[in-house]
Amino acid sequence: MPSWLGSLQFRLILAFTLTLALALGVVGVLVSVAAETETERFQARSQEFRVGRVHRMIARRYAEDMGWAGVQPSLEQAGTFYGRRFVVTDAEGQVVADSHPSRDKVHPGKRHKSRSAPIVLEGEEVGSLVLVADGEGPSSGRGFFGRPPPFLSSLSSDSEPAASTGPGPSGEPVVSRVTATVNKALLWTGVAAAIGGILLIAFASRRILAPLQTLGGAAQRLGEGDLSQRVPASGPSEIRQLGNTFNTMAENLEAAEQQRRNLTADVAHELRTPLSNIQGYLDAVNDGLLRPDEATMATLRQQTAHLVTLVEDLRLLALAEAGSLVLHTRPEALQPLLEESVEAFRPRADAKNISLTLDVAEGLPEVELDRTRISQVVDNLLENAIVNTPEGGAVTVSASGSASGSASGDGETVTVAVADTGPGIAPQDLERVFDRFYRIDPSRARATGGAGLGLTIAGQLVEAHGGSMRVESEVGQGATFSFTLPVRQGS
């Protein structure tokens, strides 16, 4: 099957053509029925009017001549003019005039009498006008009209139904001509509408589908690895939305690929430093430049520990991001955990003359947490705060709860914040402080922090507990890192 048969444009054109054909067919049938009905109704009124005129003319002629002697010529003239056969009978039912005397003789009877109109003079019925509709008219068949006019039943003195008409005419009836004309006009109108509609839908569909074709090509190139692909957001609102969605997806893929490359470079950079140091010391020992004494071994152990810590951080981060990190949670009160972390960092704070305080709100509910992991989060925030706070500054650890109004405690949270009086964080850095290997200090000096994984791991650990982490800071006003954990249900 040709590929264009399955295209959306072909299907749109086919659907339009079928819909148009169906609509024209239904309209044609309805118009034909309406035309036939209205034409027959008009014929009936016209027939009634014409026969009424013949009836009045015969009655007037009879009154003027006081008999039927002058009726024959007038009746022949009326029959020729109207194209119908009329017969006049006297009071005894005998034929006294015939518009077509050359035809077979008409024998008046009940069948004709039921389609006759009485001729009354001074209150006395002197005869009847009969419309012959049984094939005896001049046009043969049923005459000028296709069926007996309804006036006969109203003018008839007999209530018996009219007799059936004769065979159809040799010429085409007016109803058929009108219907044929209407159908022909509809046919040509439909052909013109179909041609114009197909051209219009082809043009419109091409304009509508052009962005989709562009999008398809861009998606194919994106799948081949060209992540720079973008499409113009044009066309109808749905197409624009699709284009914007594609562009967003492409941007995210490009950003993810860039992060992957940066991660590879950062991991290589962070591993290279301790490995280079270890290799350098080992080469020096091997060449006899250094003695494998206690100081040398301590340096090697320090570099190895740093390397192990880095690899463990990477492993932990990969597990957390993949959702595979196993947490050993149980109901815990946060105050003892925070007190242990604060006391562990107090000697370092005292060494820099930093005021380290803990402020825990009373009545905090228990939290379902993994004590080891949450301690790791708090320790990381305290480490950063003390490193970045100058001598004589202050670091405050606080914990507070938020009430939800629920008796069961569902929806309540506990927030832990670590605030410092350091230099603060620039606005352009705030959005990236939780990125892997991102460091505000581009020199990556060991004095200003580690590998840049601490905050990333802390954020992932908090999210693994169902919480969230955020940072607030102004340059020169210090920084506040906080995380929120949901309260254990029923606590």
Side-chain angles (χ1 to χ4, degrees), residues 316 320 325 327-389 392-422 424-425 430 433-434 449 453-474 477-491:
L316 180 62
L325 182 64
L327 298 177
H328 303 283
T329 61
R330 63 177 183 176
E332 290 275 357
L334 277 174
Q335 184 167 352
L337 183 151
L338 296 177
E339 289 176 350
E340 290 180 6
S341 295
V342 168
E343 292 303 320
F345 279 88
R346 190 172 298 280
R348 293 183 58 183
D350 293 341
K352 293 183 64 175
N353 195 26
I354 294 174
S355 172
L356 180 58
T357 59
L358 174 63
D359 181 15
V360 179
E362 295 184 358
L364 283 182
E366 292 183 340
V367 179
E368 194 81 21
L369 55 82
D370 184 325
R371 184 181 181 87
T372 301
R373 298 306 182 187
I374 295 302
S375 296
Q376 185 177 354
V377 173
V378 177
D379 291 350
N380 181 274
L381 297 182
L382 282 171
E383 173 77 21
N384 287 339
I386 291 175
V387 167
N388 290 283
T389 300
V395 174
T396 303
V397 180
S398 62
S400 60
S402 63
S404 65
S406 173
S408 63
D410 295 352
E412 293 186 11
T413 59
V414 172
T415 300
V416 177
V418 178
D420 62 57
T421 58
I425 303 174
L430 279 176
V433 292
F434 294 106
L453 291 175
L455 289 177
T456 306
I457 294 175
Q460 291 294 331
L461 291 177
V462 170
E463 290 181 6
H465 282 78
S468 60
M469 178 175 285
R470 65 193 184 107
V471 57
E472 297 176 353
S473 178
E474 292 184 9
Q477 301 296 320
T480 300
F481 287 85
S482 62
F483 63 91
T484 301
L485 297 175
V487 172
R488 181 175 69 89
Q489 296 184 5
S491 63

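These numbers come from the heavy atoms of this one structure, side chains and all, not from hydrogens, waters or symmetry mates. Numbers for residues simply follow the sequence, beginning at 1.
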What is the distance from atom [atom1] of [X] to atom [atom2] of [Y], rounded to the nearest 0.5 Å?
X      : Y      : atom1 : atom2 : value
Leu485 : Glu412 : CG    : CD    : 13.5 Å
Lys352 : Arg348 : NZ    : CZ    : 8.5 Å
Leu381 : Phe345 : CG    : CZ    : 9.5 Å
Asn388 : Thr421 : CG    : OG1   : 10.5 Å
Arg330 : His328 : CZ    : NE2   : 11.5 Å
Asn380 : Phe481 : CG    : CZ    : 9.0 Å

**OP:** Quick one: do Gln335 and Leu364 satisfy side-chain contact (heavy atoms from CB on, under 4.5 Å)? Show the steps, please.
**Re:** CA-CA 8 Å; Gln335 184 167 352; Leu364 283 182; over 6 Å; no
Original post:
Any donor-acceptor pair under 3.5 Å linking the side chain of Asp420 with the backbone of Ala479?
Top reply: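 Answer holds: yes.
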Original post:
Looking only at atom types and distance, does a side-chain atom of Ser468 sit under 3.5 Å from a main-chain N or O of Thr484, one as donor and one as acceptor?
Top reply: no
**OP:** Check whether more than 12 heavy atoms from other residues, nucleotides or ligands sit under 6.0 Å from atom CZ of Arg470, and answer yes or no.
**Re:** no
Original post:
Around atom CD of Glu474, are there more than 12 heavy atoms of other residues, nucleotides or ligands at under 6.0 Å?
Top reply: no
Counting only pairs under 3.5 Å, give me each side-chain donor-acceptor contact of residues 458-466, with atom names and distances, residues two or more places apart or in other chains.
unit_1	atom_1	unit_2	atom_2	d
His465	ND1	Leu461	O	2.9
His465	NE2	Asp370	N	2.9

Quick one: closest heavy-atom pair of [X] and [Y], and the distance?
X      : Y      : result
Thr357 : Ser355 : CG2-OG, 3.8 Å
Thr480 : Ala419 : OG1-CB, 3.4 Å
Pro331 : Glu366 : CB-OE1, 3.4 Å

Original post:
Where do Val418 and Asn384 land on the side-chain contact (heavy atoms from CB on, under 4.5 Å) test, with the steps shown first?
Top reply: CA-CA 10 Å; Val418 178; Asn384 287 339; over 6 Å; no
Original post:
In a check of side-chain contact (heavy atoms from CB on, under 4.5 Å) between Val360 and each of Val416, Val397, Leu338, which one passes?
Top reply: Leu338
Original post:
Among Leu358, Ile374, Val378, which residue meets the side-chain contact (heavy atoms from CB on, under 4.5 Å) test with Ser341?
Top reply: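 When side-chain contact (heavy atoms from CB on, under 4.5 Å) is applied between Ser341 and each of Leu358, Ile374, Val378, only Val378 qualifies.
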Original post:
Is there side-chain contact between Arg373 and Leu316, with at least one heavy-atom pair below 4.5 Å?
Top reply: yes
Subject >> Note, Val387 side chain near Glu383 side chain (heavy atom, < 4.5 Å) >> reply: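 Yes. Closest side-chain heavy atoms under 4.5 Å.
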**OP:** Scan side-chain atoms only and decide if Thr415 and Ser400 contain a donor-acceptor pair under the 3.5 Å cut-off.
**Re:**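 Checked: Thr415/Ser400 side chains show no N/O donor-acceptor pair below 3.5 Å.
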